[in-house]
Amino acid sequence: MIRVLSVFGTRPEAIKMAPVVRALQGAPDRFESIICVSAQHRAMLDQVLRVFGLQADYDLDLMTAAQSPAEVTARVLERLPPLLRQIRPDVLLVQGDTMTSFAAAFAAYLERIPSGHVEAGLRTGNRYQPFPEEMNRVLTARLASIHFAPTPQARTALLSEGVPPADVHLTGNTVIDALLQTVQPNYSFRSPQLASLDPGRRLVLVTTHRRESFGAPLQATCAAIRELAGRHPDLQFVLPVHPNPQVKQTVERLLCDLPGMFLIEPVDYLEFVHLMNRAYLVLTDSGGVQEEAPSLGKPVLVLREVTERPEGVEAGTAVIVGTDRDRIVKVAGELLTSRQAYERMANAVNPYGDGQASGRIVSALAERFA
Ligand code: UDP
């Protein structure tokens, strides 16, 4: 039996770890799967656990109001080691780029427990963009013993940093596994607001929450949305508002009176997947959404100056528009008016995976730790 301890704490980590945990649970003769959540983002994490029917075996419950990245790290390093000594997993799994991922991998290292990194090798090459995620990825790669790269580019990045090839497994991104396990035909929204969307109007889905977007960039994005709404009166917009006050105050001030605009609370993953499925176009600064939306045939405009996910841009599923008002309006306008431009993006092949990543991860773990 291989004892695997999965540690995660935020919504995107939980979404991307859920299919891996399910795959481990599906092989009870080979694996003992244990979940420890840090609850770095309490409410949004719990939403995901509910959607996937997962229960935490251990909960560090470390979130506090206005927590800094350093405080989150300190609390993981304080609370996780006693559990590691008690559980003694054969391998600890972390996902992505959060303070929880880095701190848990570091705690494992200090206990001489090997760690595996899911979604390894994403890089912008700029240590402050995205912040602090870029550094968390680099540090987690230094600490991990086995790396699950979602794309060939991510694998190459790891090899160029000196990670031994035998330790890197090309798997695809588990976000596509999660998406394909969740999307349903003929879904009806539970939220009355979303159920009231007009099926005759095209829907633009917007998400924005990155630190780099706070302030002027976010204001420019809001101005672009107002301009698009004015030029294309058939559009409806849905923006699940991230609870961070820097996001909430700006978007509510600049967009609350816009006709056809739905500013809503963050919705759970089940509702969100079907919002993407219902959308005509997606505007986002989220990493996960850039990866997911193309699997549903939705063009993505990336509201960031750089992306650690260049594969989508190269494949033609995404365009980087930054947070420049005029550029957003121009690129979105083309997709809203030219059927040909729209079809080209909507039909481009998603480079992030085929929905089988978690099976590959579990096979690699079985081979390595048996
Ligand atoms: N998501 C969700 N509800 C929302 C907005 C997003 O469940 O209201 C999901 C989305 O499907 C994606 C993930 O949350 O898988 C993205 O999380 P986020 O944008 O917070 O983080 P990032 O992907 O940028 O790390």
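All ligand and atom numbering here is 1-based and tracks the order in the structure.
Residue Val267 has at least one heavy-atom neighbour below 4.0 Å for each of these atoms of ligand 1: 2 (C), 3 (N), 4 (C), 7 (O), 8 (O). In summary, the atoms of ligand 1 found under 4.0 Å from a heavy atom of Gly288, numbered by their order in the structure, are 22 (P), 23 (O). The contact set between ligand 1 and Arg210, taken as ligand atoms under 4.0 Å from a residue heavy atom, comprises 24 (O). Using a 4.0 Å cut-off to heavy atoms of Tyr269, the atoms of ligand 1 that qualify are 7 (O), 11 (O), 15 (O).
Considering both main-chain and side-chain atoms, Pro240 never comes within under 3.5 Å of ligand 1 through any nitrogen or oxygen pair. Residue Gly287 has at least one nitrogen or oxygen atom sitting less than 3.5 Å from a nitrogen or oxygen atom of ligand 1, judged on distance alone. Some N or O of Ser286 is nearer than 3.5 Å to an N or O of ligand 1, by distance alone.
Partner of Arg123 under the salt bridge (charged side-chain N to carboxylate O under 4.0 Å, His left out) criterion, chosen from Glu134, Glu308, Glu161: Glu161. The only member of Arg327, Lys330, Arg325 that meets salt bridge (charged side-chain N to carboxylate O under 4.0 Å, His left out) when paired with Glu227 is Arg325.
Using modelled atom types, one finds no donor on one side chain facing an acceptor on the other under 3.5 Å when comparing Thr124 with Gln129.
The shortest distance between side-chain heavy atoms of Thr98 and His41 does not fall below 4.5 Å.
Open room surrounds CG on Asn186; 12 or fewer heavy atoms of other groups in view lie less than 6.0 Å from it. More than 12 non-hydrogen atoms from other residues, nucleotides or ligands lie less than 6.0 angstrom from CD of Gln86.
Ion pairing of Arg360 with Asp354 is present here, as a side-chain N (NZ or NE/NH1/NH2) and a carboxylate O approach within less than 4.0 Å.
Contacts between Ile15 and ligand 1, counted as non-hydrogen atom pairs separated by less than 4.0 Å, involve the side chain only. Looking at Glu292 against ligand 1, only its side chain comes within 4.0 Å, counting heavy atoms.
The nearest heavy-atom contact from the protein to atom 14 (O) of ligand 1 is Arg11 NE, 3.1 Å. Protein heavy atom closest to atom 21 (O) of ligand 1, with residue, atom name and distance, is Pro12 CG, 3.4 Å.
Considering Gln47, Lys16, His209 only, the shortest heavy-atom separation from atom 18 (P) of ligand 1 involves His209.
What you find for Lys248 and Pro243 is that their closest heavy atoms are CD-O, 4.1 Å.
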